A.B. asks: 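My questions will all concern the structure given below.
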Amino acid sequence: MDLHSGMPFWIVLNPLYNYYNPLKKNIKTHTVIIGSGITGALVAHTLCSLGVKCILIDKRTIGTGSTAASTAQLQYEIDVPLVDLIEKVGEKKAIDAYKCCLQSITDVENVFKAIEKDPDFERVPTYLLASNKTGKNLLEKEFKARKDAGLPVKHLTKEQIKTQLGIDALAGLYNKTSAQLDCYKGATYILDHYLKKNQLELYSHTLVSNYKETKSGYELVTENGNKIICENVVIAAGYEAGEFLPKKVMDLLSTFAIVSHPVDKKYLWKNRALIWETKTPYLYMRTTNDNRIIVGGEDEEYNNPLKRDQALTDKAAVLEKKFKKMFPEIPFVTDMSWAGTFSSTADGLPYIGTYPNKPNMYFALGYGGNGITFSMIAAQVIGNLIIGKPDSRAELFGFNRSKL
Ligand SMILES: Cc1cc2nc3c(=O)[nH]c(=O)nc-3n(C[C@H](O)[C@H](O)[C@H](O)COP(=O)(O)OP(=O)(O)OC[C@H]3O[C@@H](n4cnc5c(N)ncnc54)[C@H](O)[C@@H]3O)c2cc1C
């Protein structure tokens, strides 16, 4: 599957993690992680920290799947507003899911503190802006639901938004708990750390093309016919995990992003906050540590790479135009544009844990706009399950939560 088109900023910005080590023999290990994106990296961090012997396999160059295309904003807000999530899964589960995401931002931060590497992790606030009257009404209900749930949130009036951001919006929600990072750098930093400490074996350019269950776990077979015998396998294969699942659990979409030339700092808005709109298709924006602006959105309900490639130029122009309408005084010049595969689940929540009747195969599927915070949760839950420690989040995000 083509996971992105165009020029994802992060693989242009960072030196390629140029690691080439295809598996060339049969091996045996305790746990195999399939996928070297941010999910596989966070799972590797958790398992190595717990002392679980593991190897990680990827068919691509390390970290160059969706992780390289991510705009990498970390927020506690799930794609589905809390008021709607309560309708879908009930009040307790919805609030728990939101709180898990809030906690996982700090947990991601702590991973990088633990390995003493900084993937340009930056704490920033979030503004969610009402694009129209419907959005204003939604934000009023959403504010109350989040406040009642004890989540950090402030309601902002039209005038407050004008004063703080200098833009027109009917209302907004604000919180100071979000963050942003360079996700590609983050994934490669983690993997490099454990590789150098000899706590992780890493095999790139190795496609797992088949598998079968054994008495004590799994036998994985690579494209070249090598076998890997293991007790557990963690599927951190992102949007390509479908081949390990008996049934489809998400829809694949396309999403688009552009990044500007660096701009003078004086042009950037207050606190370099993340900005989102309630409108569909939504528009969102963030800054980078070299004062570029990333603008994303314009999602389409298709994942045909050809169609996506053809749409990219127009989509980039629309994103730039929408940004300039919001901030006409910022001299925004698009430097690069790209598109990526994206996905959504029916309730906006990830799928984490084992699939019914597939013991020892753990899925870490952080689908949706909170992919990275979900990956962090998945890493912790799966780590706990593998060492036999119960984790209540397994039920909240598990496959049994809804009819498949
Ligand atoms: C444009 C864009 C913007 C986004 N913005 C945000 C955001 O702001 N915040 C957020 O939290 N999330 C965001 N996301 C989502 C987030 O980026 C993803 O959830 C995350 O990158 C997924 O990481 P992953 O490691 O699960 O998948 P990937 O990075 O795709 O890694 C999976 C890896 O598995 C490997 N693999 C698959 N199958 C096999 C196999 N059979 N054998 C061997 N290897 C295999 C692949 O080669 C791949 O490298 C965004 C995504 C896009 C595209």
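Model, not experiment: these values are computed from the prediction. Each ligand, and each atom within it, is numbered from 1 in the order the structure gives.
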A.B. asks: Report, in ascending order of atom number, the atoms of ligand 1 lying under 4.0 Å from any heavy atom of Leu207.
C.D. replies: 40 (C), 41 (N), 42 (N)

A.B. asks: I'd like to know if Glu300 and Arg308 make a salt bridge, using a cut-off of under 4.0 Å between side-chain N and carboxylate O.
C.D. replies: no

A.B. asks: Is the shortest N/O to N/O distance between Lys59 and ligand 1 below 3.5 Å?
C.D. replies: yes

A.B. asks: Would Ser70 count as a polar contact of ligand 1, with the cut-off being nitrogen or oxygen pairs under 3.5 Å?
C.D. replies: yes

A.B. asks: Decide whether an N or O pair under 3.5 Å exists between Gln73 and ligand 1.
C.D. replies: yes

A.B. asks: Before accepting this row, confirm whether a basic side-chain N of the pair Asp168/Lys158 lies closer than 4.0 Å to the acidic partner's carboxylate O.
C.D. replies: no

A.B. asks: Using non-hydrogen atoms of the residue, decide whether Thr206 is closer than 4.0 angstrom to ligand 1.
C.D. replies: yes

A.B. asks: Is Ile38 in polar range of ligand 1, meaning some N or O pair under 3.5 Å apart?
C.D. replies: yes

A.B. asks: So is Glu243 touching ligand 1 or not, going by heavy atoms under 4.0 Å?
C.D. replies: yes

A.B. asks: Does the residue Ile62 have a heavy-atom contact with ligand 1, meaning some pair of atoms that are separated by less than 4.0 Å?
C.D. replies: no

A.B. asks: Can you tell me which portion of Phe374 lies within the under-4.0 Å heavy-atom range of ligand 1? Options are side chain, backbone, both, or neither.
C.D. replies: neither

A.B. asks: Using distance alone, determine whether Gly371 and ligand 1 share an N or O pair under 3.5 Å.
C.D. replies: yes

A.B. asks: Name the closest protein heavy atom to atom 27 (O) of ligand 1, giving the residue it belongs to and the distance to 0.1 Å.
C.D. replies: Gly238 CA, 3.6 Å

A.B. asks: Judged on heavy-atom distance to atom 3 (C) of ligand 1, which of Thr67, Asp58, Thr71, Thr61 sits nearest?
C.D. replies: Thr71

A.B. asks: Between the candidates Tyr211, Phe9, Tyr367, Phe342, which shows the shortest non-hydrogen contact distance to atom 51 (C) of ligand 1?
C.D. replies: Phe342

A.B. asks: Report yes or no: does Ala236 have a heavy atom closer than 4.0 Å to ligand 1?
C.D. replies: yes

A.B. asks: With only distance considered, is Gly369 within less than 3.5 Å of ligand 1 through an N or O on each side?
C.D. replies: yes

